Amino acid sequence: MYGGIDNPGYDAFFEALIEGRLKLGQTLKQEELGEILGLSLSPMRETTTLLAAEGLIKVRRKVGITIFYPDMKFVGNTFQLRGLLEKEGLRKFAGTVTRAWIARMREAHAQIITLAQSSTDLAGYRLPVKALESEFHDSFITAFANDQLSTLYARLMQKMYLIRLHNLDAVGPANTVQSMREHLIIVDALEAGDVDAAVNGLDRHLQAVLHRVLTT
């Protein structure tokens, strides 16, 4: 289930993008999209309504359905909202962080750094990287204990993933190692009980990720 939305067509849409059966910015007929997603007419209408409401497609008469393309404004707005949520969540999380979390993050990040530096299977190492990134950043959002914020963040992160699909080089081995090291700066600050340093580290990390997405 993507972005906290329980809809088979919605899930199939993201899977098709990830697998390359659909492309960002692509325009196609509703019948073509339905065939790719494996949907009949009625569920297809429900899915297109949902995707359009999320801003992921535009439906135009006599033209067809156009899949969104992440322009500079979209990317900037997405990162801005992510930063606002995560930094406030991190301040809350800092009050409850455990030694076990610190130790687990150190070990997991060290393993990913070694994997990224040695692996020649890019597709293979990206899955554990994505899993660790989700666990790391989700920790801050979970600290809110707010289901509505969690749903909003889940949808936001799905759009972040599509931004990365636009530029897969931004998550190559060298950038992955750098990102993991940026995470560890935050872990160090949390262990030291320096909340401001942790938040500043997170802010610098998100700015660095944005820079890599736009320039790599």
Side-chain angles (χ1 to χ4, degrees), residues 1-89 123 126-168 170-171 206 209-210 213-214:
M1 183 171 64
Y2 288 87
I5 295 177
D6 186 10
N7 178 279
Y10 191 88
D11 291 347
F13 174 78
F14 282 105
E15 288 169 3
L17 282 169
I18 292 167
E19 294 169 2
R21 291 180 286 117
L22 290 174
K23 303 292 185 183
L24 298 177
Q26 178 182 2
T27 297
L28 66 171
K29 299 297 182 183
Q30 179 170 299
E31 295 79 9
E32 294 175 308
L33 182 57
E35 183 177 347
I36 291 171
L37 301 184
L39 298 177
S40 58
L41 184 59
S42 180
M44 185 62 210
R45 286 174 177 167
E46 179 182 345
T47 296
T48 54
T49 299
L50 178 58
L51 291 171
E54 289 287 310
L56 298 173
I57 63 171
K58 288 185 179 180
V59 182
R60 294 176 292 173
R61 289 185 179 181
K62 299 182 179 180
V63 176
I65 296 172
T66 300
I67 300 171
F68 98 113
Y69 190 88
D71 58 19
M72 291 283 287
K73 181 178 180 181
F74 177 89
V75 174
N77 288 348
T78 302
F79 270 88
Q80 182 182 44
L81 179 56
R82 179 184 179 183
L84 289 172
L85 292 175
E86 286 197 21
K87 285 185 285 186
E88 184 60 28
R126 280 177 178 148
L127 291 177
V129 169
K130 187 174 184 292
L132 178 56
E133 286 186 337
S134 294
E135 181 182 1
F136 181 78
H137 290 280
D138 285 353
S139 296
F140 312 148
I141 302 303
T142 301
F144 284 111
N146 183 314
D147 290 342
Q148 293 186 50
L149 278 178
S150 293
T151 298
L152 172 64
Y153 183 77
R155 294 182 183 181
L156 180 70
M157 293 311 294
Q158 190 55 54
K159 292 176 182 177
M160 286 289 302
Y161 192 65
L162 294 183
I163 290 172
R164 292 189 173 189
L165 284 178
H166 170 58
N167 184 6
L168 287 175
V171 289
L206 294 178
V209 173
L210 174 59
V213 166
L214 295 178

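Just so we're clear, the structure is a prediction, and the values are computed from it rather than from any experiment. Note that the numbering runs from 1 along the sequence shown for the chain.
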Locate the shortest heavy-atom distance separating A143 from G89; write the atom from each residue and the value.
-> CB-O, 3.7 Å
Could you give me the CA-CA distance, side-chain angles and deciding distance for T78 and M160, then say whether side chain to side chain contact (heavy atoms under 4.5 Å, CB included) is met?
-> CA-CA 7 Å; T78 302; M160 286 289 302; 3.5 Å; yes
Worked verdict on T27 versus K58 for side chain to side chain contact (heavy atoms under 4.5 Å, CB included) = CA-CA 9 Å; T27 297; K58 288 185 179 180; over 6 Å; no
Inter- and intrachain pairs under salt bridge (Lys or Arg N to Asp or Glu O under 4.0 Å), touching residues 71-88, at least two apart | R82-E86, K87-D203
Summary of side chain to side chain donor-acceptor pair (under 3.5 Å) pairs that have at least one residue in residues 31-46, sequence neighbours excluded = N7-E46
Considering all heavy atoms, the nearest L85-L149 contact | CD2-CD2, 3.8 Å
From T47 atom OG1 to F13 atom CZ, the distance as rounded to the nearest 0.5 Å = 10.5 Å
Are F74 and F68 close enough that their ring centers fall under 6.0 Å?
-> yes
Rounding to 0.5 Å, atoms CG (L28) and CG (L22) come to a distance of 6.5 Å
So L81 and N77, side chain to side chain contact (heavy atoms under 4.5 Å, CB included) or not? Walk me through it.
-> CA-CA 6 Å; L81 179 56; N77 288 348; over 6 Å; no
Spell out, as yes or no, whether a donor-acceptor pair under 3.5 Å connects the side chain of R21 to the backbone of I36.
-> yes
Rounded distance (nearest 0.5 Å) linking atom CG of N146 with atom CG of L152 = 9.5 Å
Minimum-distance pair of heavy atoms, taken over all atoms of I163 and P70 | CG1-CB, 4.1 Å
Less than 4.5 Å apart, any side-chain heavy atom of L33 and any of M44?
-> yes
For the residue pair L214 and M72, establish whether any side-chain heavy-atom pair is separated by less than 4.5 Å.
-> yes
Heavy-atom nearest pair, A16 first then L37, reads CB-CD2, 4.2 Å
Backbone N/O of A12 and side chain of E15: donor-acceptor pair under 3.5 Å = no
Under the side chain to side chain contact (heavy atoms under 4.5 Å, CB included) rule, what do H137 and M157 come out as? Steps first, then yes or no, please.
-> CA-CA 10 Å; H137 290 280; M157 293 311 294; 5.7 Å; no
Which distance, rounded to the nearest 0.5 Å, do you find between the CG of L17 and the CD1 of I67?
-> 5.5 Å
Would you please test F140 and F144 for ring-ring contact (aromatic ring centres under 6.0 Å, His included) and show each step?
-> CA-CA 8 Å; F140 312 148; F144 284 111; over 10 Å; no
To the nearest 0.5 Å, how far apart are OG1 in T48 and CG in L39?
-> 9.5 Å
The reported gap from CZ in F79 to CG in L156 (rounded to nearest 0.5 angstrom) is 9.5 Å
